[in-house]
Amino acid sequence: MKQETLYSIAKSWGTTVGEVNATGDILGWVSDRNKTVAVDIHKSTLSKSKSWFYDDRLGTIHNQNNSFFSITGFEKWNDDGTVVTQPIILQQEIGFLGIICQEINGTMHFLIQAKIEPGNLNKIQLSPTIQATKSNFTQKHGGARPAYLEYFEQASRYEIVVDQIQSEQSSRFYKKRNRNILIRVEEEIPVLPSHKWMTLRQIKELMRVDNLVNMDTRTVLSCIPFCKLQLSQAQETELKQLCSNPALYRSVFTPSEQNLLPDLYQYINNYKMFKDTQGRLVPLHRLENWIMEDDKIAYQGSYPYQVIFCDIAIEGREVKQWTQPLFEAMGIATFGLICCEQNGVQKFLVHAIPELGCFDGLELGPTVQQEAVLMPGHKETEIDRFFFACLLEGKGVFFDHLLSEEGGRFYHEQNRNVLMQIAPEEIPQLPDGYFWADYRTLNELVQINNTLNIQLRNLLSLLEM
């Protein structure tokens, strides 16, 4: 990875006007495609599916090829002796979340796709250049190969900016990870009608449109290694002119005065070493308090989600018609990140959060990560109460939008993403597991697999210069 590439990407973060497409034209393009593309998605039943079934022997729901993913049961004992049981998605294969970038007329652009996922509530969302499971790109579904796949299969021919294996939603997936990859391609690239070039700043501005920029685009962009950028004096001057937030500039581009990594890793590694999570996979029919019906798998009481079954037809996909199960959220979760300027540097309050399906048991998450329906055993902290009190008043809120989760597995799931600026003296005393960190430290940590969870990565991707 070349310094000139990272610097060009940093400038693209501050460049509103695209050299190829105006932001208004991008919005018009999405609107036009939404009007013309044929989509038919409706809830159905498992018994009507020609390819998915419940396997009584294994206790899982999977398809006839035993590919893509399956759904099984999971149970975990809490410290207080209570047991949490739920369905969970098994998808051990690692897919591509890949973006191509290219400098056009001196400005770095990203090739973004207008893509429909079966669970999207608004049809088209702005997705990575390629977004494909291993089963997709090895054509186990019998469909066409995803467009632009060859660039990522032969990524070593190009300049690799990001190549990370990162976690997905660990409350719904069991140890699920995807390959987040960003490559710079200098040769001429044919642009399909389903794709457009955008600057990083344009993409971030479009994140302010509810449910437009999808989760996968956000996670790939969050991995850009700005911590590796070494600036000359002239480059510093140019970037500062593009950045309207000096505290954020210092947080991103200035080396940290304090090495926070030992304290963070001390906490994380102690959890991994000494905490007995006592979780295990079990057959679906053995889940306590869950009822399996033909149209859904639902909890007897309140739980953050249920499993449903859908018939899906989408024009322009590698496969145009299929059936599959989807996880349907019960309401809108809140993901919040408290920001605070300390000694002229923007800091972020992160929380080490254990989750049922987490690959390593625990990752750093945002200040607040709260489902609409609280999980059994959930304990609210003083920081949670403080955050929601501020949110109720609108205090310090500078980003508050609904953004969708993974539409390939989740049905109409949108969550509230909040960035909040609070004065240091107003923050309550931090409970165990909370830490202040600058952007550069978090950016260093995201270069290491399975350290920052997807909710935190997505919130960091929302920051504008």
Side-chain angles (χ1 to χ4, degrees), residues 1-2 4-6 8-9 12 18-21 26 29 33 37 65 67-69 91-104 107-117 124-166 168 176-200 203 213-225 314-320 322 406-408 449:
M1 175 185 52
K2 300 174 183 176
E4 65 185 51
T5 296
L6 269 183
S8 185
I9 292 173
S12 183
E19 292 290 328
V20 183
N21 299 294
I26 294 169
W29 167 64
R33 291 186 69 84
V37 69
N65 297 327
S67 58
F68 291 99
F69 67 98
Q91 188 173 347
Q92 299 304 307
E93 63 181 34
I94 293 172
F96 272 128
L97 305 179
I99 296 178
I100 293 172
C101 68
Q102 185 170 93
E103 196 166 87
I104 303 172
T107 301
M108 191 65 77
H109 287 69
F110 301 80
L111 189 59
I112 300 299
Q113 177 182 187
K115 185 177 177 66
I116 299 175
E117 291 288 356
I124 284 174
Q125 294 187 9
L126 298 179
S127 309
T129 314
I130 182 174
Q131 179 181 320
T133 66
K134 189 176 180 181
S135 291
N136 279 136
F137 62 77
T138 56
Q139 298 174 279
K140 288 188 177 181
H141 51 33
R145 279 165 58 90
Y148 302 103
L149 173 63
E150 64 274 14
Y151 292 94
F152 298 95
E153 287 183 318
Q154 303 171 41
S156 59
R157 291 178 50 197
Y158 309 105
E159 184 181 351
I160 298 171
V161 182
V162 170
D163 194 351
Q164 290 289 325
I165 304 293
Q166 296 287 1
E168 303 258 324
K176 172 72 171 71
R177 300 179 297 167
N178 267 325
R179 189 173 182 181
N180 292 239
I181 181 167
L182 171 64
I183 57 175
R184 179 178 182 176
V185 178
E186 296 188 7
E187 65 194 51
E188 186 175 350
I189 300 172
V191 178
L192 297 172
S194 55
H195 290 66
K196 278 195 182 297
W197 290 110
M198 306 172 199
T199 70
L200 184 54
I203 299 169
V213 178
N214 85 350
M215 179 207 79
D216 297 312
T217 299
R218 303 194 307 266
T219 181
V220 175
L221 296 179
S222 75
C223 296
I224 297 171
I314 301 177
E315 181 185 10
R317 294 272 302 204
E318 295 87 2
V319 171
K320 294 178 174 55
W322 72 98
E406 214 285 294
N449 300 345

Participant: Do Ile224 and Leu6 have side-chain heavy atoms sitting under 4.5 Å apart?
Facilitator: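 Heavy-atom side-chain distance check passes, below 4.5 Å.
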
Participant: Just verifying a value: how many Å separate Leu97 CG and Arg218 CZ, rounded to the nearest 0.5 Å?
Facilitator: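 It comes to 12.0 Å.
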
Participant: Would you name the heavy atoms of Met108 and Ile9 that are closest together and state the gap between them?
Facilitator: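 The answer is CG-CG1, 3.8 Å.
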
Participant: Is any side-chain heavy atom of Lys196 closer than 4.5 Å to a side-chain heavy atom of Val191?
Facilitator: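 When only atoms from C-beta onward are counted, Val191 and Lys196 do not touch, as no gap falls below 4.5 Å.
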
Participant: Please evaluate residues Glu103 and Ser12 with respect to the criterion side chain to side chain contact (heavy atoms under 4.5 Å, CB included), reporting the C-alpha separation (whole Å), side-chain torsions for both, the decisive distance (0.1 Å), and the verdict.
Facilitator: CA-CA 10 Å; Glu103 196 166 87; Ser12 183; over 6 Å; no

Participant: Supply the atom-to-atom distance Tyr158 OH to Arg184 CZ, rounded to the nearest 0.5 angstrom.
Facilitator: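 Interatomic distance, Tyr158 OH to Arg184 CZ, rounded to 0.5 Å: 14.0 Å.
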
Participant: Check the angle between the aromatic planes of His109 and Trp197 and answer parallel, tilted or perpendicular using the 30° and 60° thresholds.
Facilitator: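 His109 vs Trp197 ring planes: perpendicular.
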
Participant: Can Asp216 and Thr219 be counted as having a side-chain donor-acceptor contact under 3.5 angstrom?
Facilitator: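 Judged by distance alone, the side chains do not pair up.
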
Participant: What pair of heavy atoms forms the shortest contact from Ile112 to Ser127, and how long is it?
Facilitator: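 Reported closest heavy-atom pair: CG2-O, 3.2 Å.
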
Participant: Which atom names give the shortest non-hydrogen contact between Pro190 and Tyr148, and what distance separates them?
Facilitator: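 Where Pro190 meets Tyr148 most closely, the heavy atoms are O-OH, 2.6 Å.
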
Participant: At their closest point, which heavy atom of Glu117 faces which heavy atom of Gly408, and how far apart are they?
Facilitator: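 Looking at all heavy atoms of both residues, the closest pair is OE1-CA, 3.5 Å.
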
Participant: Going through the checks in order, is the side chain to side chain contact (heavy atoms under 4.5 Å, CB included) test met by Ile160 and Ile183?
Facilitator: CA-CA 5 Å; Ile160 298 171; Ile183 57 175; 4.2 Å; yes

Participant: Within this structure, what is the CD1-CG distance for the pair Ile104 and Leu111, rounded to the nearest 0.5 Å?
Facilitator: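 One finds 8.5 Å between CD1 of Ile104 and CG of Leu111.
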
Participant: Mind checking the OG1-CG spacing from Thr199 to Asn21? Nearest 0.5 Å is all I need.
Facilitator: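 Atom-to-atom, Thr199:OG1 and Asn21:CG are 10.0 Å apart.
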
Participant: So, do Ile189 and Tyr151 sit near enough that their side-chain heavy atoms are less than 4.5 Å apart?
Facilitator: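 Yes, their side chains come closer than 4.5 Å.
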
Participant: Can you confirm whether Phe110 sits close enough to Leu221 that some side-chain heavy atom of one is under 4.5 Å from a side-chain heavy atom of the other?
Facilitator: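 In contact.
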
Participant: Decide, yes or no, whether a salt bridge links Lys176 with Glu406 under the criterion of side-chain N to carboxylate O below 4.0 Å.
Facilitator: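 No, this pair does not count.
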
Participant: Indicate the atoms forming the closest heavy-atom contact of Pro146 with Ala132, along with that distance.
Facilitator: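 Closest approach of Pro146 to Ala132: CG-CB, 3.9 Å.
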
Participant: State, without any angle test, whether Gln166 and Asn180 hold a side-chain donor-acceptor pair at a distance under 3.5 Å.
Facilitator: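 No, no side-chain donor-acceptor contact under 3.5 Å.
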
Participant: Could you give the distance from OG1 (Thr129) to CD1 (Ile99), rounded to the nearest 0.5 Å?
Facilitator: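 Result: 5.5 Å between the selected atoms.
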
Participant: Closest heavy-atom contact between Glu168 and Asn178?
Facilitator: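 For Glu168 versus Asn178, the nearest heavy atoms are OE2-ND2, 2.8 Å.
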
Participant: Can you tell me how far CD of Gln102 sits from CD of Glu188, rounded to the nearest 0.5 angstrom?
Facilitator: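 The CD atom of Gln102 is 8.5 Å from CD of Glu188, to the nearest 0.5 Å.
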
Participant: Is Pro128 close to Lys115 at the side-chain level, that is, under 4.5 Å between some pair of heavy atoms?
Facilitator: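 No - every pair of side-chain heavy atoms lies 4.5 Å or more apart.
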
Participant: Taking the side chain as C-beta and beyond, is there a heavy-atom pair between Glu4 and Glu159 under 4.5 Å?
Facilitator: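 SC-SC contact between Glu4 and Glu159 ruled out.
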
Participant: With a 4.5 Å limit on heavy-atom distance, are the side chains of Leu182 and Cys223 in contact?
Facilitator: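 The answer is no, as the side chains (C-beta and beyond) never meet within the 4.5 Å cut-off.
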
